[in-house]
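Some notes on the structure that comes next.
Everything numeric in this text was worked out from a predicted model, so none of it was measured. Computation of the quantities below employed the complete heavy-atom set of this structure, encompassing side-chain atoms and omitting hydrogens, waters and symmetry-equivalent molecules.
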Amino acid sequence: MRQINIDYYQIDDLLSDEHKLIRRTVRDFVRSEIKPVIEEAAQEHRAIDGLMPKLGSIGALGPYIPAEYGGAGLDQISYGLIMQELEAGDSAVRSAASVQSSLVMYPIYSYGSEAQRRKFLPPLASGEFIGAFGLTEPNHGSDPAGMETKLKSYEGGFLLNGAKMWITNAPICDIAVVWAKDESGKVRGVIVERGMEGFETPETLHKWSLRASKTGELVFHDVFIPAENVLPEVNSMRGPLSCLNSARYGISWGVIGAAIDCYETAVQYALERQQFDRPIGGFQLQQKKLAEFLTEITKAQLLSWRLGVLKNEGKATPQQISMAKRNNVNMALQIARESRQILGGMGIVGDFPIMRHMMNLESVVTYEGTHDIHLLITGQDITGLNAFSS
């Protein structure tokens with residue numbers, strides 16, 4: 001079998017030995033624990049059994065959280081590489097880890113009290129607890145500041161009312177970090193725990209995408225939130241937006257994994273599939289596609305690596321993160337679509353991963369900020385003009 005090179009610009013030379021060990025560990029996990037079961041799980045629209053504790057056991061949950069709170073204390077490039085390898089398995093697996101890490105553990109670590117960190121972060125890091133993140137609402141997706149979920153002061157805490165939708169892990173979550181407006185209009189983060197009266201998590205069914213993960217709603221009917229469950233260090237949109245920045249960064253790496261899996265599948269198929277008495281990889285149009293795939297993957301690798309360096313140095317801007325998320329997701333989606341064409345009819349069956357990746361990426365291109373919203377973020381940064389509202 002011909003060796004397929006996906007490190008065309010020798011980017012591995014930019015990684016430390018620790019980075020490579022982490023990548024190899026997660027890659028081996030995906031090969032042994034995810035790839036043998038993912039097609040069946042996606043076909044049957046069910047989550048992978050015991051996924052979160054397995055992810056916790058390899059340090060994939062909150063890897064940049066300090067060890068004293070259960071994390072691995074790794075840097076941001078390590079986090080990116082973990083996301084890349086998980087999404088080579090399936091976007092649903094990376095989504096589960098990304099939500100747990102960037103949208104649940106990150107805000108508790110960054111904005112929570114010491115008691116909240118001690119109580120929630122270790123079981124989240126191990127996968128004993130499953131977390132969800134409540135921001136998107138039925139009437140407010142790209143405009144989260146318009147949220148209608150409300151907190152009303154009540155003796156010893158607040159009453160929470162409203163609903164969130166399109167929430168990864170909602171039906172199986174033990175806790176949810178939820179963002180709502182208090183009576184003064186300030187955005188507050190609260191930790192809602194399974195079993196609180198008035199808290200419901202109906203599942204979203206009939207998905208064509210991310211079928212190997214649970215998606216649902218978070219519904220609140222006068223849910224009492226004790227004061228000790230309110231994140232004390234944030235009272236503005238800075239809170240949820242900073243979480244999204246962390247998640248978007250991870251996505252920029254993750255989708256490279258999906259693109260590589262599609263690319264490797266397409267190359268191998270093109271070398272083996274015979275038409276007109278020769279491998280289809282010998283025809284110009286197929287070589288053109290494969291050359292473009294590798295070019296775009298290489299560009300995405302360099303973009304995310306540089307962004308990781310900036311993240312480690314505390315210099316990465318939200319606008320830079322938006323550019324990487326938008327570019328890399330679009331890159332992966334286009335490679336999945338074109339790879340499917342190289343495989344012809346075989347591209348739509350579960351014997352190959354391409355159609356599954358393509359359907360998953362249709363969600364990834366929308367969540368954590370749509371393709372168009374990220375274009376406008378970059379456009380605003382270029383011009384200084386706000387195109388989001390009149």
*Which atoms form the tightest heavy-atom contact between Ile373 and Ser142, and what is the distance?*
CG1-OG, 3.6 Å
*Rounded to the nearest 0.5 Å, what's the gap from CG on Asn327 to OG on Ser304? Could you check?*
8.5 Å
_Listed once per pair and sorted, the salt bridge (charged side-chain N to carboxylate O under 4.0 Å, His left out) pairs that draw on residues 100-114, sequence neighbours left out_ = Glu114-Arg117, Glu114-Arg118
*Please step through side-chain contact (heavy atoms from CB on, under 4.5 Å) for the pair Phe283 and Arg278, ending with a clear verdict.*
CA-CA 9 Å; Phe283 291 99; Arg278 60 190 296 196; 3.4 Å; yes
*Kindly work out whether a path of hydrophobic side-chain contacts (I/L/V/M/F/W/Y, heavy atoms less than 4.5 Å apart) joins Ile191 to Val223.*
no
_Ile34 and its side chain to side chain contact (heavy atoms under 4.5 Å, CB included) partner, picked from Leu51, Leu86, Val26_ = Leu51
*asked:* Under a plain distance cut-off of 3.5 Å, with no hydrogens placed, do Gln334 and Glu338 share a side-chain donor-acceptor pair?
replied: no
*Quick one: does Ser246's side chain have a donor or acceptor within less than 3.5 Å of a partner on Cys243's backbone?*
no
*asked:* Is any side-chain heavy atom of Pro279 closer than 4.5 Å to one of Gln274?
replied: yes
*State whether the number of non-hydrogen atoms from other residues, nucleotides or ligands found under 6.0 Å of Met165 atom CE is greater than 12.*
yes
_Closest contact, heavy atoms only, Glu368 versus Ile251_ = CG-CD1, 3.2 Å
*Polar side-chain atom of Lys181 near backbone of Ala145 as donor-acceptor pair, under 3.5 Å*: yes
*Tyr106 side chain to Leu244 main-chain N or O, any donor-acceptor pair under 3.5 Å?*
no
*Are a donor atom and an acceptor atom from the side chains of Thr149 and Glu137 found within less than 3.5 Å of each other?*
yes
_Value rounded to 0.5 Å, distance of CZ in Arg27 from CD1 in Ile22_ = 13.0 Å
_Ignoring hydrogens and geometry beyond distance, is a side-chain donor-acceptor pair present between Thr168 and Tyr367 at under 3.5 Å?_
no
*asked:* How close do Ala316 and Leu307 get, counting heavy atoms only, and between which atoms?
replied: CB-CD1, 3.9 Å
*Do Tyr69 and Phe129 share a hydrophobic cluster (ILVMFWY, side-chain heavy atoms under 4.5 Å, transitive)?*
yes
*Does Leu14 share a hydrophobic cluster with Ile297, counting links as ILVMFWY side-chain heavy atoms below 4.5 Å and allowing steps through other members?*
yes
*Donor-acceptor pair, side chain of Gln319 and main chain of Gln380, under 3.5 angstrom*: no
*Would Ile377 and Arg326 count as a side-chain contact (heavy atoms from CB on, under 4.5 Å) if you check the C-alpha gap in whole Å, the side-chain angles of each, and the deciding distance to 0.1 Å?*
CA-CA 10 Å; Ile377 290 172; Arg326 178 190 58 79; over 6 Å; no
*Mind checking whether Glu85 and Arg31 have side chains closer than 4.5 Å, heavy atoms only?*
no
_Shortest non-hydrogen separation from Ile335 to Tyr263 and the atoms involved_ = CG2-N, 4.4 Å
_Determine whether Gln76 and Tyr249 satisfy the following criterion, side-chain contact (heavy atoms from CB on, under 4.5 Å), listing intermediate values before the conclusion._
CA-CA 9 Å; Gln76 290 293 321; Tyr249 164 73; 3.4 Å; yes
*Would Met147 end up clustered with Phe158 when hydrophobic side chains under 4.5 Å apart are linked, directly or stepwise?*
no
*Do the side-chain N and O atoms of Glu228 and Ser113 include a donor-acceptor pair separated by under 3.5 angstrom?*
no
*Between Thr370 and Asp372, is any side-chain donor less than 3.5 angstrom from a side-chain acceptor?*
no
*Are the side chains of Val329 and His371 in touch, meaning some heavy atoms are under 4.5 Å apart?*
no
*Given side chains that start at C-beta, do those of Trp305 and Leu15 come closer than 4.5 Å, heavy atoms only?*
yes
_A quick test of your reading: do over 12 heavy atoms of other residues, nucleotides or ligands sit less than 6.0 Å from NZ of Lys288?_
no
*If you measure from CD1 on Ile280 to OH on Tyr269, what distance do you get to the nearest 0.5 Å?*
6.0 Å
*Taking atom OH of Tyr64 and atom OG of Ser102, what is their separation to the nearest 0.5 Å?*
3.5 Å
*asked:* Is it the case that the side chain of Asp75 and the backbone of Ser78 share a donor-acceptor pair, with hydrogens and angles ignored and the cut-off at 3.5 Å?
replied: yes
*Taking everything shown except Glu183 itself, do over 12 heavy atoms lie less than 6.0 Å from its CD?*
yes
*Should Thr366 and Trp166 count as side-chain neighbours, where that means a heavy-atom distance under 4.5 Å?*
no
_Sub-4.5 Å side-chain heavy-atom contact between Tyr8 and Thr295_ = no
*Looking only at heavy atoms, which two atoms of Phe220 and Val178 are closest? And how far apart?*
CZ-CG2, 3.6 Å
*Could you go step by step and tell me if Lys289 and Glu292 meet the salt bridge (charged side-chain N to carboxylate O under 4.0 Å, His left out) rule?*
CA-CA 5 Å; Lys289 290 177 181 177; Glu292 289 175 341; over 6 Å; no
*Counting only heavy atoms not in Asp17, do more than 12 fall under 6.0 Å of its CG?*
no
*asked:* Please check: side-chain N/O of Ser98 versus main-chain N/O of Arg94, any donor-acceptor pairing under 3.5 Å?
replied: no
_Tell me if a side-chain donor or acceptor on Asn360 pairs with a main-chain N or O of Leu210 at a distance below 3.5 Å._
yes
*asked:* Would you say CD of Gln284 has more than 12 non-hydrogen atoms from neighbouring residues, nucleotides or ligands within 6.0 angstrom?
replied: no
_Check: His374 main-chain N/O paired with Thr378 side-chain donor or acceptor under 3.5 Å_ = yes
*Taking a hydrophobic cluster as the set of Ile, Leu, Val, Met, Phe, Trp and Tyr residues connected by side-chain heavy atoms closer than 4.5 Å, whether directly or through intermediates, do Val30 and Ile354 fall within one such cluster?*
yes
_From Asp381 atom CG to Ser322 atom OG, the distance as rounded to the nearest 0.5 Å_ = 9.0 Å
*Atom CG of Leu294 and atom CD1 of Ile6: how far apart are they, to the nearest 0.5 Å?*
9.0 Å
*Would you check if the side chain of Asn161 reaches a backbone N or O of Asp222 as a donor-acceptor pair within less than 3.5 Å?*
yes
*Would you check if Asn229 and Met196 make a side-chain contact, meaning some heavy-atom pair closer than 4.5 Å?*
yes
*Do Glu264 side-chain atoms and Ile4 backbone N/O form a donor-acceptor pair below 3.5 Å?*
no
*Is any side-chain N of the basic residue among Glu233 and Arg238 closer than 4.0 Å to the acidic one's carboxylate O?*
no
*How about Leu285: does its CG atom have over 12 heavy atoms from other parts shown lying under 6.0 Å from it?*
no
_For a quick test of reading the model, state the closest non-hydrogen atom pair linking Leu218 to Gly134 and the distance between them._
CD1-CA, 3.8 Å
*So which pairs with a foot in residues 33-57 pass salt bridge (charged side-chain N to carboxylate O under 4.0 Å, His left out), sequence neighbours left out?*
Glu33-Lys54, Lys35-Asp261, Glu39-Arg356, Glu40-Arg46, Glu44-Arg46
_How about CG on Leu21, more than 12 heavy atoms from neighbouring residues, nucleotides or ligands closer than 6.0 Å, or not?_
yes
*Non-hydrogen side-chain atoms of Arg194 and Ile130 separated by less than 4.5 Å*: no
*Please work out whether the ring planes of Phe224 and Tyr154 are parallel, tilted or perpendicular, with thresholds of 30° and 60°.*
perpendicular
